[in-house]
Amino acid sequence: MTSTSIQITRSFTRSLPKIELHAHLTGSISRECLHDIWKQKKAQKPDLDVEDPLMAIPPGKVDYDIKTFFPLFSSYIYRLCNDASSIEHSTQAVLNDFEADGVVYLELRTTPRATHDLSKENYVKTILTIIASHNKKSNNKMKTYLILSVDRRNTIAEAEEVLDLALKYRSAGVVGIDLCGNPAVGDVRIFSDTFARARVEGLAITVHFAETTSSATDEELLCLLSWLPKRLGHVIHVKDEIKKMIERQNIGVELCLSCNVHARMITGGYSDHHFGMWRHSTVPVALSTDDVGVFCSPLSEEYYLAATHFSLDRRQLRELCEKAIPSIFSGSKEEQRLREIYAEWDGLTL
Ligand code: IMP
Ligand code: ZN
């Protein structure tokens, strides 16, 4: 039997070395981890006025849409992960989860956030410290880097602060800058100078792109493309002219199947996902989870879904992973490490 004719199993997609390029730190925290944090806080402070995560975000509930998704963070998860100890604990748990799922390269993104005991800068430093010690673990095949996000609700001054932090902590593992947040709010044009400065400084750029029809006007998309991003997240509501520009500029696309289906950001189901179109294009494609803590589909499951709904065999899945390599932000040394991992990997027939 050849590797192409063997059925795709979940154990295969777990063992496949995978590259995750679009994962929000806070959105990647599992409900169990949030529950642990809640339990510890409740034990220390019995009158804690935060609902048990297992009640507030019931296990199995994944149908968060654009209206219910963002308040989950602002009104709930940020109230729980609001100090150094919960941020350390949850960051470590997120890294462990990605590693256990067979991820070999992770670019995690987060929006710098001040808590009652951390400044935005110390929030970033805390996360970088956890990442650095995880990267150093001797039996760990996964290497993690950090992207700092500007939120669409930010002021120009706040966006500048994110960029300053990204530049200051570049040598400690920050590899890029992102634009995220509720696509229904904000005017992206106000961030043009900040992203132009990032570009001049040589910091890689990714942006959430055409997530909803309201954030997919020509004006917005042409503005975002003028920032010369190396990658784009979601890329849902794009017309042919924009697709051609993305292909001409060879911009990588970060595609999130489960998130888009559960949040009803696309019409139809998995087989209707625009991955079906992008996989035939020449640009780097990175299947990604976005918020595994909310949509409960780890990266191995995203590859399983892609195989199931687009009839991909084992070799095609490995090629798909490798296709993301040129769009990583950390540079040629990591690109080379990843190429070697795939060249040496002999799991096709396992
Ligand atoms: P954090 O940046 O680590 O706090 O991760 C959670 C944040 O990521 C949320 O508050 C949103 O601003 C952002 N985010 C997560 N998923 C999405 C998405 O699909 N679109 C836009 N922003 C997102
Ligand atoms: Zn996202």
Side-chain angles (χ1 to χ4, degrees), residues 20-30 33-34 57 62 64-82 86-88 90-91 93-95 98 106-115 118 120 123-124 126-128 130-131 144 146-154 158-159 162 165-166 174 176-186 188 191 206-212 214-216 220 224 229 231-237 252-266 286-297 299 302:
E20 169 67 80
L21 299 183
H22 188 134
H24 298 266
L25 171 59
T26 313
S28 302
I29 307 171
S30 72
C33 176
L34 290 173
I57 326 171
V62 289
Y64 290 94
D65 63 17
I66 220 88
K67 287 210 172 72
T68 54
F69 175 80
F70 291 97
L72 191 61
F73 293 91
S74 46
S75 340
Y76 183 72
I77 305 177
Y78 290 150
R79 291 181 60 214
L80 204 54
C81 296
N82 65 348
S86 54
I87 283 153
E88 280 166 0
S90 55
T91 304
V94 164
L95 297 180
F98 277 110
L106 169 64
E107 285 179 12
L108 200 55
R109 61 186 75 187
T110 197
T111 322
R113 173 166 61 91
T115 67
L118 291 173
K120 284 187 186 179
Y123 172 85
V124 172
T126 301
I127 292 161
L128 285 170
I130 301 281
I131 290 176
T144 302
L146 192 64
I147 294 171
L148 296 186
S149 301
V150 171
D151 188 294
R152 295 175 66 110
R153 286 173 306 187
N154 284 164
E158 286 165 332
V162 174
L165 288 172
V174 176
I177 186 168
D178 164 47
L179 179 71
C180 76
N182 189 340
V185 303
V188 300
F191 304 121
T206 178
V207 291
H208 284 66
F209 192 84
E211 273 178 282
T212 59
S214 71
S215 66
E220 170 156 339
L224 294 174
R231 295 198 310 255
L232 302 171
H234 295 295
V235 201
I236 302 173
H237 302 280
V253 294
E254 307 155 351
L255 303 181
C256 310
L257 299 173
S258 295
C259 156
N260 294 170
V261 170
H262 293 315
R264 296 187 204 290
M265 292 156 78
I266 60 161
L287 281 186
S288 299
T289 55
D290 210 3
D291 297 283
V292 59
V294 179
F295 299 110
C296 301
S297 181
L299 194 56
E302 296 296 288

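Read the numbers this way: they start at 1 and go in the same order the structure lists the ligands and their atoms.
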[X] neighbourhood, listing ligand 1 atoms whose heavy-atom distance to it stays under 4.0 Å:
X: D291; value: 15 (C), 16 (N), 17 (C)
X: H234; value: 19 (O)
X: L25; value: 3 (O)
X: F69; value: 15 (C), 16 (N), 17 (C)

Heavy-atom nearest neighbour in the protein, as seen from [atom], with distance rounded to 0.1 Å:
atom: atom 8 (O) of ligand 1; value: H24 ND1, 3.1 Å
atom: atom 1 (P) of ligand 1; value: T26 OG1, 3.3 Å
atom: atom 11 (C) of ligand 1; value: F70 CE2, 3.8 Å
atom: atom 9 (C) of ligand 1; value: Y78 OH, 3.6 Å
atom: atom 19 (O) of ligand 1; value: D290 OD2, 2.8 Å

With distance as the sole criterion, is a donor-acceptor pair present between the side chains of T289 and E20 under 3.5 Å?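 E20 and T289 do have a side-chain donor-acceptor pair below 3.5 Å.
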Are S288 and E302 close enough that a side-chain donor and a side-chain acceptor fall under 3.5 Å?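 Checked: S288/E302 side chains show no N/O donor-acceptor pair below 3.5 Å.
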4.0 Å heavy-atom contact, R152 with ligand 1: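 Under 4.0 Å: no for R152.
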Just to verify, what does [X] make a side-chain contact (heavy atoms from CB on, under 4.5 Å) with, not counting sequence neighbours?
X: E220; value: R152, V188, S215, T217, L224
X: S86; value: I37, K41, C81, N82, D83
X: C180; value: H24, T111, S149, D178, H208

Hey, does [X] come in under 3.5 Å of ligand 1, counting only N/O atoms on both sides?
X: E211; result: yes
X: N182; result: no
X: T110; result: yes
X: G181; result: yes

Out of V94, D151, I127, who is nearest to atom 12 (O) of ligand 1 when you count heavy atoms only?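 Answer by nearest heavy atom: D151.
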Does any non-hydrogen side-chain atom of E107 lie less than 4.5 Å from one of R231?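 Of all side-chain heavy-atom pairs linking E107 with R231, at least one is under 4.5 Å.
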Applying side-chain contact (heavy atoms from CB on, under 4.5 Å) between I127 and each of V124, I130, I131, report the one that passes.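 Of all the options given, the one that passes is I131.
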Check D65 with K67, please: is the shortest side-chain N to carboxylate O separation under 4.0 Å?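 No, this pair does not count.
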Just to be careful: counting only protein atoms that are N, O or S, how many fall under 2.8 Å of the Zn ion (ligand 2)?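 Every protein N, O or S atom under 2.8 Å from the Zn ion (ligand 2) counted, the figure is 4.
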Under 4.0 Å, heavy atoms only, figure out whether ligand 1 is touched by the backbone of T111, its side chain, both or neither.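 Both parts.
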